[in-house]
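Here's the structure we're looking at; comments come further down.
This structure is a prediction, so every number in the text was calculated from the model and none was measured.
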There are 2 protein chains.
Amino acid sequence: MIRKTAGGPPAAARRTPPSIRDVAAAAGVSYQTVSRVLNGSPSVRADTRTAVLAAIEEMGFRPNRSARALGLGRARAVTVVTADTMLYGYASTLQGIEEAARAAGFAVGVRVIESDSADDVRQAADYVADPSAGAVVVIAFDPAGAKVLAALDDDVPAVAAIEASGRRDTGRVVICLDERVAAAQATEHLLALGHRTVHHVAIPSEDGGSGRQAGWRDALERAGAPVPAVVPAGWDMAAAYAAGRRLAADPLVTAVLCGNDDLALGVRRALYEQGRDVPGEVSVVGFDDIPGSAYWTPALTTVRMDFAGLGRACFEAAVAQLAGDAQPEVSLIAPCLVVRESTAPPRTEP
Amino acid sequence: MIRKTAGGPPAAARRTPPSIRDVAAAAGVSYQTVSRVLNGSPSVRADTRTAVLAAIEEMGFRPNRSARALGLGRARAVTVVTADTMLYGYASTLQGIEEAARAAGFAVGVRVIESDSADDVRQAADYVADPSAGAVVVIAFDPAGAKVLAALDDDVPAVAAIEASGRRDTGRVVICLDERVAAAQATEHLLALGHRTVHHVAIPSEDGGSGRQAGWRDALERAGAPVPAVVPAGWDMAAAYAAGRRLAADPLVTAVLCGNDDLALGVRRALYEQGRDVPGEVSVVGFDDIPGSAYWTPALTTVRMDFAGLGRACFEAAVAQLAGDAQPEVSLIAPCLVVRESTAPPRTEP
DNA sequence: CGAGCGCGTGTGACCGGTCACGATAGCGTG
DNA sequence: CACGCTATCGTGACCGGTCACACGCGCTCG
């Protein structure tokens, strides 16, 4: 490592960045006073404070994050635990967390969960047990995230972002987007258009019962419509495409609710290849409102979700937990259906 | 912070996680020996090592990352500096870095650059100057990234991911995807199909001269084709859409190369709304091969880029720099054109 | 047979902050 | 005028690792 050079070259540039003690010496106070200024302690006289601040400014001093974390016991940081970083919902949530963290002067780390195997789950949980991880937000939209949440050591300050409320109690703070009512809304839109029922191509869900899928089922049951078998498609567009081909072959299918916009794309492509017009013959609705969906042909009817808001709320909650404060009120923008071109009344029977 | 409880409740669970000295005491050695085992020092007798390892295992000891970083002078971590986390190229590169880092046992941090203003650039550079940032990878596809790269303190171990070689020398290790030849390839494909020339809707570029745009120009000039004015569209699909409307109005436009797939989507939508068939009347090619592009209608001809490989290579290079090792050889998958449905020969003049 | 060397290990200081406590000064009060 | 209190500031120890160096031991070699 770099050590302070005692004699060094004559006009050598400083090697080691200034420490709190260097600043103290320059300002003519003790290191503790500098520390107090850094932490905004009220018991520092105004002129002392300005002197210290001037020294800090002049020397270009910046507190060492590792040292601070070591002394404090936990870092002023947030680390996001997630099974994926590219999928729109995950990436947007991460973005929301990052923005809020940066605004608050927190460092941000990312730890992805390789799989939901016991080993990978444990490794992720161990990772965030380290104090340098700071506060933790686990994105628990899927089984891997949910397992990590359960495996977390009790004393790591963590909150979870989940898909829908009503999940079994975990003893942890959770913040959710209400996808269930949103999915119901989308399904009702299709029903109101005159469709007999709505098929569902699903993403993997944490428990298969409380999120998008549940909302779809709710709406169908409330309307007394038949509830077709769910078509699972993973996160994979290819799987959605395959599912779409099967659906396309069935003349009774006139409306499809997809677990997310990517799946909707796969389904729509399959429909296209089979010559089934969207929305003329079958209506398709997605979920998430990814940026491109408004530009598709036809533009996709979908449900807009406030993932970024979810991320920000999670950050606030995680920090509150880190500080031992009461949980802040959360106010998220409710999901909303945005109707575009991919839905229409079913073709009237000839 | 949590302090060790001296007397504490009778059967109280341990509060503080075990430290290196606790392990040493349990194994009957000194803390330094434990440290040596942790770092794989060869000068530890085999049976001593196994004893220490057993104690570590039994106590569930995990080294404190902050303490290690403080002692070492730099953290075993990599932090990614980027202007964006959602755009496909950026997100994929980040993903590649994360995978490699996780495999190597490195922590990963993210720091996004708010804008390319002097202030934001400086803040980002300051952030990674902290030793806890570890090695640094700056994604310099855009002006903000390039500015941060230039603003970096000389002694922070950093490498940059850039769009194409041939950039002005920065004195920094840079790793690039050769987009220039890739763009030329795509342009030549269109020319070979019989198009008189190719229009270009561009993403922002770091210097407007060495990346995608330059490759396009190269190919046009080599073929003696006219070089139309570049249509800049930012990162914004709406801007691409607007550009597409203008292009659609010009009957001379028969082929469009877009700076990325998102822009291609905007352009294609505009063409669609104007009733200009793709690829019948105009051919469109994108860049990046985002996951959905194969499922669009028509499926997009585009250039596949190995962003994940770029990310992995950047990580390796950054770590080598952190360790003071020689730069490793990099081998990236070259970009390749994937021809799908959105390109065809121009309609023959009636 | 003693000096020299290499192996395996332990001790002390240090990284750069934080906490707990003590010291000093200035002030008001009985 | 002695006492106590508060505002302000400084000293020492500590967080949990790392480095530099010293030490004891057994071996080889002159």
Relative to the 5' end of DNA chain D, which residue comes earlier, B:Q32 or B:A67, by the nucleotide with the nearest heavy atom?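 Per heavy-atom nearest nucleotide, the more 5' residue is B:A67.
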Nearest nucleotide by nearest heavy atom, which residue falls closer to the 5' end of DNA chain D, B:R36 or B:P63?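 Going by which nucleotide is closer to the 5' end, it is B:P63.
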Nearest whole angstrom, please: distance from the [atom2] of [N] to the [atom1] of [X].
X	N	atom1	atom2	result
B:Y31	D:dC15	OH	C1'	15 Å
B:I20	C:dC14	CD1	C1'	15 Å
B:L72	C:dG16	CG	P	13 Å
A:R49	D:dA7	CZ	P	14 Å
A:L70	D:dC14	CG	C1'	9 Å
A:D47	D:dT8	CG	C1'	11 Å
A:D130	D:dC15	CG	P	16 Å
A:R76	C:dG17	CZ	P	14 Å

Is any side-chain N or O of [X] closer than 4.0 Å to OP1 or OP2 of [N]?
X	N	answer
A:N39	C:dT18	yes
A:S35	C:dG17	no
B:S30	C:dG10	yes
B:T33	C:dG10	yes
A:T48	D:dC9	yes
A:R45	D:dC9	yes

Exactly one of A:D120, A:I139, A:T85 should register a side-chain contact (heavy atoms from CB on, under 4.5 Å) with A:V112. Which one does?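 Going through the options one by one, the only one that passes is A:T85.
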Tell me if the side-chain of A:R65 makes a donor-acceptor pair with the base of C:dG16, cut-off 3.5 Å, by modelled atom types.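 Flag unset: no donor-acceptor pair detected.
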If you go through the side-chain atoms of A:R68, does one of them form a donor-acceptor pair with the base of C:dG16 closer than 3.5 Å?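 No pair found.
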Check the angle between the aromatic planes of B:F307 and B:F141 and answer parallel, tilted or perpendicular using the 30° and 60° thresholds.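 Rings of B:F307 and B:F141: tilted, as their planes differ by 30° to 60°.
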A:R74 side-chain N/O to A:G134 backbone N/O, donor-acceptor pair under 3.5 Å: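 The answer is yes, because a donor-acceptor pair under 3.5 Å joins these two groups.
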Student check: side-chain heavy atoms of B:L94 and B:T82 closer than 4.5 Å: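 B:L94 vs B:T82: side chains apart.
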Do the charged groups of B:E98 and B:R102 touch, with an N to O distance under 4.0 Å?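 A salt bridge is present here (some side-chain N lies under 4.0 Å from a carboxylate O).
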So which nucleotide from C:dG16, C:dT9, D:dG17 ends up closest to the side chain of B:S19?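 Closest nucleotide to the B:S19 side chain: D:dG17.
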